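If you're wondering where the values come from, they're calculated on a predicted model, not measured in any experiment.
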Amino acid sequence: MANFHGEHLSVAKALYQLEYYLDQLDAPFDIYQLYASAYKEQRGSQYDERWLYCLDDNPDVENCLDEPFTLQTIVDTLLRTGHEPIVRALMRSFRREQIAISQLYLIGATPRRRG
């Protein structure tokens with residue numbers, strides 16, 4: 001089981017939430033492709049994405065989908081922890097695939113009854 005702590009746990013959660021977000025959008029790319037786009041060339045022989053495949057092995061990461069999150073909170077976490085290359089890869093992928101993004105916050109919304 002992957003053992004994440006501190007900022008590593010924050011990054012792991014953000015990427016796990018991003019993968020869920022991209023799944024919901026039915027995006028034609030995933031976090032593995034974004035990570036490779038962000039780091040593979042830069043890190044060369046030191047590149048290793050295997051830790052991404054262990055994200056859902058950690059209950060703290062897997063349970064992060066129960067926490068409130070938005071694309072903005074994901075991006076903020078990635079930027080705060082020094083992962084700007086992933087954010088840039090994400091924005092390039094959104095532009096390439098013509099995916100528009102906006103933030104919508106629903107607070108205290110209740111279902112409307114139609115009658």
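Among all heavy-atom pairs drawn from Phe69 and Cys64, the shortest one is CD2-O, 4.2 Å.
Applying the side chain to side chain contact (heavy atoms under 4.5 Å, CB included) test to Arg50 and every residue at least two apart in sequence or in another chain returns Asp48. With sequence neighbours left out, the side-chain hydrogen bond (donor to acceptor under 3.5 Å, both in side chains) criterion links Glu67 to Lys13. Scored by the side-chain hydrogen bond (donor to acceptor under 3.5 Å, both in side chains) test, Arg96 finds Ser93 as partners (sequence neighbours excluded). For Tyr32, the side chain to side chain contact (heavy atoms under 4.5 Å, CB included) criterion is met by Glu19, Asp30, Leu52, Tyr53, not counting sequence neighbours. With sequence neighbours excluded, the residues satisfying side chain to side chain contact (heavy atoms under 4.5 Å, CB included) with Asp60 are Leu9, Asn58.
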Residues 79-86 side chain polar contacts: donor-acceptor under 3.5 Å, at least two apart:
residue	atom	partner	partner atom	Å
Thr81	OG1	Thr77	O	2.8
Thr81	OG1	Leu78	O	3.3
His83	ND1	Tyr39	OH	2.8
Glu84	OE2	Arg88	NH1	3.0

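For the atom pair CG (Asp56) and CG (Asn63), the distance works out to 11.0 Å, reported to the nearest 0.5 Å. One distance of note links CG of Leu18 with CG of Leu71; it measures 7.0 Å at 0.5 Å rounding. Interatomic distance, Tyr35 OH to Trp51 CH2, rounded to the nearest 0.5 Å: 5.5 Å. Distance CG/Leu34 to CD/Glu49: 13.0 Å, rounded to 0.5 Å. Once rounded to the nearest 0.5 Å, the distance linking CG of Leu90 with CD of Gln33 reads 12.0 Å.
Within 6.0 Å of the CZ atom in Phe94, the count of heavy atoms belonging to other residues, nucleotides or ligands exceeds 12. Heavy atoms of other residues, nucleotides or ligands lying less than 6.0 angstrom from CD of Gln46 number 12 at most.
No donor-acceptor pair under 3.5 Å is formed between the side chain of Glu97 and the backbone N or O of Ala27.
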